[in-house]
Amino acid sequence: MPIDFLPVFLMVAVVIVLSVFILTLSRLIRPHNPYPEKNRPYECGVDHVGEASAGMFKVQYFVIAILFVVFDVETMFLFPWAVVLKDMGLFGYVEMFVFIVLLLVGFAYAWIKGALEWVS
C-alpha cells in the first residue's frame, strides 16, 4: 500500500527542504572574495606544477587511499564474521582466513613494488 511508505516520503521531503534551506542560507551569509591565489589549483600540500599528462602527477596519495579502502573493507567484513562465527563453523573460519591471506598477499605485493615508499 502506498500509505505504508508515507513516513519514508515525509523523511525524504524533510531532507530535501532542509538541504535546500541550508545551502541557500550559507550562500547568503558567506563572504564572497575570489582572487587568483585562492582559485589556483592545489592538492595535498603540493603546489601544482605542469600538467598531469606531462608526468608531474603525484600518485602516492591515491595509492595510500586505495590501500586504506582495501583494509577498511576488510574490517567491514571482519565484524559481521566475528558475530556469526559460531553459527558458520569451520567452513566460515577457513574462508575468512583465505580472505585475509589474499588481502595480505596484495599488501605484500604493494610493499615489494614500493607503493608505500614516500619519495618526494
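Only this structure's heavy atoms are used, side chains among them; waters, hydrogens and symmetry mates stay out.
You'll find the side chain of R27 stays beyond 4.5 Å of the side chain of L23, heavy atoms only. A heavy-atom distance below 4.5 Å is not found between the side chains of L103 and V73.
The side chain to side chain contact (heavy atoms under 4.5 Å, CB included) check on L10 picks up L6, with sequence neighbours excluded. In this structure W111 satisfies the ring pair (Phe, Tyr, Trp, His ring centres under 6.0 Å) test together with F107, sequence neighbours excluded. By the side chain to side chain contact (heavy atoms under 4.5 Å, CB included) test, T75 is found to be paired with F79, residues two or more places apart in sequence or in another chain being considered. Listed by chain and number, the residues in a side chain to side chain contact (heavy atoms under 4.5 Å, CB included) with E95 are F91 (sequence neighbours excluded).
Transitive grouping of hydrophobic side chains (ILVMFWY, heavy atoms separated by less than 4.5 Å) keeps I66 and Y109 in distinct clusters.
L18 pairs with exactly one of V20, I22, I16 by the side-chain contact (heavy atoms from CB on, under 4.5 Å) rule, that one being I22.
In this structure, CD1 on I100 lies 5.0 Å from CZ on F97, to the nearest 0.5 angstrom.
Residues in residues 4-38 take part in no ring-ring contact (aromatic ring centres under 6.0 Å, His included) pair, two or more places apart or across chains.
Other members of a hydrophobic cluster containing V17 are absent, since no ILVMFWY side chain comes under 4.5 Å of it, directly or through relayed contacts.
More than 12 heavy atoms of other residues, nucleotides or ligands shown are found within 6.0 angstrom of CZ on F71.
Using a distance-only test at 3.5 Å, with no hydrogens or angles considered, no donor-acceptor pair links the side chain of W81 to the main chain of M96.
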